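This report refers to the structure that appears directly beneath it.
Here the structure is a predicted model, which means the values were calculated and not measured.
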Amino acid sequence: MTTSISQGAKANYSGQQLEAEVEAILRALDLDYQREVQFTDCYGNSRSRMDFMVNDIAVECKRQNVGGTVDQKIPFVYENLSMFKRGLLVLDGDHFRRREGIITYLNAKRSSFFDWCFVEELEGWLEANV
């Protein structure tokens, strides 16, 4: 008997791996941070959780290696990060690297309160902005 892991379970595990990578970077830089910080999202859900808070920067992590609905979540993530003093979206995965439309969208949203980067750029971003 074989068991297969659902696509949702794979995505959840992949996201947890990215969060572990981000946490390792935060620790290596000796930054104070909190994980899974509860907040009220743009739809009024008071049980939402932000992946990390680093000082006044809310950090959300998204990894996607294959096509899927995560593209549709990016504007939602942006809206939620915009509710904080500063927000950072950390991306990883082949899917995001190939999607020029997502990169164009996120670059157009860059501001004094929102930014984004790929995970391999995170250490330099934090050194320059925290």
- line: Quick note, salt bridge (Lys or Arg N to Asp or Glu O under 4.0 Å) partners involving residues 41-56, not counting sequence neighbours, are Asp56-Lys85, Asp56-Arg86

query: Under a 4.5 Å cut-off applied to non-hydrogen side-chain atoms, are Ser48 and Gln38 in contact?
result: no

task: For residues 114-130, pull every pair meeting salt bridge (Lys or Arg N to Asp or Glu O under 4.0 Å), keeping only residues two or more places apart or in separate chains.
output: Arg97-Glu120, Arg110-Asp115

statement: Contacts of Phe96 meeting ring pair (Phe, Tyr, Trp, His ring centres under 6.0 Å) (sequence neighbours excluded), chain-then-number -> none

Sequence neighbours excluded - salt bridge (Lys or Arg N to Asp or Glu O under 4.0 Å) pairs with any residue from residues 98-109: Asp71-Arg99

message: Would you say that Tyr33 contacts Met53 through its side chain, given a criterion of any heavy-atom pair below 4.5 Å between the two side chains?
response: no

query: With Phe113, which residues qualify under ring pair (Phe, Tyr, Trp, His ring centres under 6.0 Å), at least two apart?
result: none

field: Side-chain heavy atoms of Tyr43 within contact of Glu79, under 4.5 Å
entry: no

query: Trp125 versus Ile57: any side-chain heavy-atom pair under 4.5 Å?
result: yes

Any Leu106 side-chain heavy atom under 4.5 Å of Phe114 side chain: yes

message: Under a 4.0 Å threshold between the charged nitrogen and the carboxylate oxygen, would Glu19 count as salt-bridged to Arg63?
response: no

Exercise: identify the closest heavy-atom pair between Leu18 and Val119: CD1-CG2, 3.7 Å

- request: For Ala58 and Met50, work out which heavy atoms get closest and say how close.
  value: CB-CG, 3.9 Å

Set of residues satisfying side chain to side chain contact (heavy atoms under 4.5 Å, CB included) with respect to Ser46, sequence neighbours excluded: Thr40

- request: Kindly give the heavy-atom pair with the smallest separation between Leu26 and Val54, and that separation in Å.
  value: CD2-CG2, 3.7 Å

